[in-house]
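Reading through the structure tokens given below for one structure.
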Amino acid sequence: MNKTATFKGYLIPALLLAPQLAITLVFFYWPASQAVWQSFLVQDAFGTSTEFVWFENYKELFSKPDYYKALWNTLVFSTLVTSFSLSIALLLAVMADRQIRGYQVYTTLLIWPYAVAPAIAGVLWMFMFNPSLGIMAKGLRSVGYDWNPLLNGNQAMALVVMAAVWKQISYNFLFFLAGLQAIPKSVIEAATIDGARPMRRFWTIIFPLLSPTTFFLLVVNVVYVFFDTFGIIDTITGGGPSKATETLVYKVYSDGKGGADLGGSAAQSVILLFIVICLTAIQFRYIERKVTY
Amino acid sequence: MAEVSITNVRKVYPGNVEAVKGVSIDIPDGGFCVLVGPSGCGKSTLLRMVAGLETITSGECRIGGRVVNEIEPSDRDIAMVFQNYALYPHMSVYDNMAYGLRNRGTPKDEIERRVQEASKILGIESFLERRPRQLSGGQRQRVAMGRAIVRKPQVFLFDEPLSNLDAKLRVQMRVEIKKLQRALGVTSIYVTHDQVEAMTLSDKLVVMSAGRVEQMGLPNEVYRKPASRFVATFIGSPPMNIARGVVRGKGAVSIGDVVLPVADMAADLVPGAAIEVGLRPEDLIVTPNGSLTMAVDFIEELGATQLFHGMLGGAALVIQAASGLVPADSKTLNLSIDPAKVHLFDLETGMRRGL
Ligand SMILES: Nc1ncnc2c1ncn2[C@@H]1O[C@H](COP(=O)(O)OP(=O)(O)OP(=O)(O)O)[C@@H](O)[C@H]1O
Ligand SMILES: [Mg+2]
């Protein structure tokens with residue numbers, strides 16, 4: 001089928017494209033080019049003098065252990081969040097797909113966290129696990145666990161991971177459930193008759209047939225943890241204690257705002273921009289062609 | 001190899017839908033049983049209960065003498081061919097066929113041997129490496145058959161396996177399935193709503209309606225002596241003519257003012273009683289000295305045969321005759337019928353009123 005619409009002349013297509021282009025221009029190209037320009041500049045602390053320094057900001061970035069620490073944090077954070085949110089969501093989706101009684105209620109309840117803004121989710125988790133106020137913290141301490149994410153970096157990381165996972169499960173769950181429901185029932189039945197027990201059926205039939213969904217979610221989740229978890233980190237730990245939960249995105253903000261290092265911060269955001277472009281490219285390259293099984 | 005016996009099997013779905021209302025069928029070892037009936041009559045449900053894909057609400061299902069009600073589908077030693085083939089889309093044709101054997105821990109060289117053997121029988125050797133989506137509908141159908149036969153099960157179950165194919169391929173595959181089943185001698189249950197498939201494939205034909213068995217028997221028996229008006233009109237194409245008639249005495253009924261001789265007539269039918277008379281289109285023979293006169297309205301040309309639509313004693317009638325026997329512009333036809341081929345059905349119950 002021919003999917004190309006035909007227009008006479010250029011005026012109408014140009015008008016139709018204009019709003020989208022304008023938005024992209026104002027909210028993407030303009031700030032992005034600003035960031036690139038900024039990343040080549042060094043400003044003094046009061047913003048009175050500016051000097052063009054080429055790649056000096058980048059060089060400095062990679063010479064400081066700080067940056068590697070944030071990179072490492074980001075890797076740990078994204079690996080944990082992605083693997084937990086994907087596997088828990090998959091487990092829940094498989095259970096919902098069994099069409100247990102009341103599964104619609106269950107599905108709806110599972111979807112709600114997605115509607116919660118990241119900062120609010122963060123505050124929620126912060127209060128629940130706050131060492132002096134939090135109900136969960138109390139519970140943890142009552143079983144003898146020394147819980148204090150305000151001092152312990154690993155515990156702080158665990159907390160932001162939990163909050164980020166909790167928030168992302170809904171989204172993954174929805175896609176997994178849709179993916180599961182798209183698998184023809186008769187294929188599963190054929191496998192049952194073919195002598196595959198439930199576990200084997202899952203790993204040899206269901207999981208491979210879900211792989212396009214899984215791959216799509218993997219990319220989306222990585223993008224999510226890289227960028228959209230800013231609100232959660234900011235409200236729960238503010239990057240602390242002693243930068244234990246400072247991810248790349250958070251560092252852009254804290255260096256730029258708190259540290260007033262606009263050049264370094266801009267260089268970091270350019271790097272992030274590059275990462276997101278790569279991820280998007282991967283996504284288009286594979287998903288547009290549909291991951292084939 | 002095994003016989004299958006289904007005894008008083010019922011199925012009630014959640015929501016109190018009674019899909020199968022007490023069905024008993026015995027299929028001998030190597031038999032080919034076809035379940036036929038209109039949509040929603042419970043054929044698939046019955047088949048799926050034999051497969052173990054649906055629980056049996058009450059009654060008993062035995063395969064090879066063993067009660068299988070509580071036995072997992074995988075342990076029933078059956079294979080099933082689905083209407084949509086249900087091939088594993090992410091596996092090659094070879095792996096599709098090998099999957100069931102692998103799950104059962106069959107040695108590798110044995111798998112290889114059996115897959116090769118099955119694919120040779122079905123003529124699919126040349127695309128063992130392809131994925132299902134790279135195959136035509138007919139080829140997929142063969143792969144689905146292949147997957148069933150490599151396992152050498154005791155019973156084959158087919159749920160409308162040919163209904164996604166075009167008419168020509170359907171006829172071809174029908175013959176192949178029959179041949180294959182004969183050669184392998186595996187007991188088979190086959191669900192269809194196509195009465196031609198049902199007639200040609202079965203050696204035991206089961207006509208179902210609304211969750212019950214209307215009639216079962218040899219296909220020819222069902223065709224010749226339909227137990228009810230429902231079976232009479234369901235089996236046979238074009239369907240049997242049914243006309244309102246009146247009993248005229250022993251061995252005679254009338255449709256309007258036309259009197260027909262009847263051989264197979266219940267003894268308790270009293271003259272004057274209203275009754276339904278069934279006449280198969282091909283049983284009415286056109287002959288110059290026939291005693292029945294039919295007014296022809298129009299003719300349908302089918303190639304080998306012609307259908308004459310018209311009126312007999314005030315009732316609509318279709319008859320079938322070989323092409324060329326009757327001039328195409330005939331306005332009236334003289335017909336005769338063998339008294340043994342006149343069927344009588346009760347007006348209320350629809351049951352056969354024969355001897
Ligand atoms: N899972 C189910 N839950 C409730 N009712 C069902 C279910 N499956 C089937 N039914 C009902 O049971 C009856 C028999 O269904 P079944 O699928 O056995 O019919 P069928 O004879 O195979 O029809 P078709 O020729 O259309 O395939 C139908 O009325 C159907 O609505
Ligand atoms: Mg059916």
Side-chain angles (χ1 to χ4, degrees), chain A residues 1 86 90 93-107 175-218 286-293, chain B residues 14-15 44 47-48 50-54 68 71-92 95-106 111 131-134 140 143-151 153-161 164:
Chain A
M1 206 173 69
L86 284 176
L90 180 57
V94 168
M95 282 172 5
D97 190 46
R98 297 246 178 91
Q99 309 249 341
I100 47 173
R101 207 175 280 271
Y103 106 107
Q104 264 151 345
V105 178
Y106 170 77
T107 305
F175 275 86
F176 274 135
L177 187 62
L180 284 170
Q181 290 183 341
I183 298 175
K185 215 172 138 233
S186 57
V187 171
I188 313 278
E189 290 173 347
T192 309
I193 291 177
D194 259 346
R197 304 281 161 196
M199 265 305 176
R200 185 163 165 80
R201 217 147 63 210
F202 180 80
W203 290 114
T204 56
I205 307 286
I206 298 172
F207 193 70
L209 290 181
L210 270 183
S211 64
T213 310
T214 312
F215 184 77
F216 164 78
L217 285 177
L218 188 67
Y286 290 98
I287 297 191
E288 287 296 289
R289 277 195 320 188
K290 300 241 160 53
V291 177
T292 52
Y293 29 72
Chain B
S44 299
L47 191 77
R48 291 167 58 83
V50 176
L53 297 173
E54 299 287 352
V68 296
I71 291 177
E72 290 291 313
S74 51
D75 299 332
R76 294 190 181 192
D77 207 2
I78 47 151
M80 184 155 169
V81 179
F82 293 83
Q83 178 172 358
N84 63 0
Y85 316 136
L87 299 176
Y88 311 125
H90 58 301
M91 293 186 197
S92 66
D95 289 338
N96 261 279
M97 292 202 273
Y99 186 69
L101 296 172
R102 285 189 187 133
N103 289 337
R104 288 176 168 76
T106 315
I111 294 179
R131 293 284 158 88
R133 69 188 149 78
Q134 297 165 311
R140 282 180 210 181
V143 176
M145 294 283 303
R147 191 169 65 179
I149 68 176
V150 283
R151 293 235 325 271
Q154 297 207 325
V155 181
F156 284 145
L157 304 173
F158 300 89
D159 194 354
E160 308 200 19
N164 286 354

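Every heavy atom of this structure was used, including side-chain atoms; hydrogens, water molecules and symmetry mates were not.
- Summarising the geometry of Ala79(B) relative to Ile193(A), their closest heavy-atom pair is CA-CG2, 4.2 Å, with the distance given to 0.1 Å.
- The distance from the OG1 atom of Thr192(A) to the CG atom of Asn103(B) is 10.0 Å, given to the nearest 0.5 Å.
- Judged by distance alone, the side chain of Tyr88(B) and the main-chain N or O of Ala191(A) form a donor-acceptor pair under 3.5 Å.
- With a threshold of 4.5 angstrom between heavy atoms, Asp159(B) does not approach chain A through any atom at all.
- Atom-to-atom distance recorded for Arg201(A):CZ and Ser74(B):OG is 8.0 Å, nearest 0.5 angstrom.
- If you measure heavy-atom distances from Glu72(B) to chain A, the contacts under 4.5 Å come from the side chain alone.
- Residue Leu101(B) does not touch chain A at all, counting heavy-atom pairs closer than 4.5 Å.
- From Tyr99(B), atom OH reaches atom CZ of Arg200(A) across 5.5 Å, with rounding to the nearest 0.5 Å.
- A salt bridge links Arg151(B) to Asp194(A): one of the charged nitrogens lies within less than 4.0 Å of a carboxylate oxygen.
- Residue Thr204(A) comes nearest to His90(B) through the heavy atom pair O-NE2, 2.7 Å, listed as atom of the first residue, atom of the second, then distance.
- Interface residue Leu53(B): only side-chain heavy atoms are found under 4.5 Å from chain A.
- Between Ala86(B) and Ala190(A), the closest heavy-atom pair is O-CB, 3.9 Å.
- Here CD of Glu189(A) is found 4.0 Å from CZ of Arg48(B). Values are rounded to the nearest 0.5 Å.
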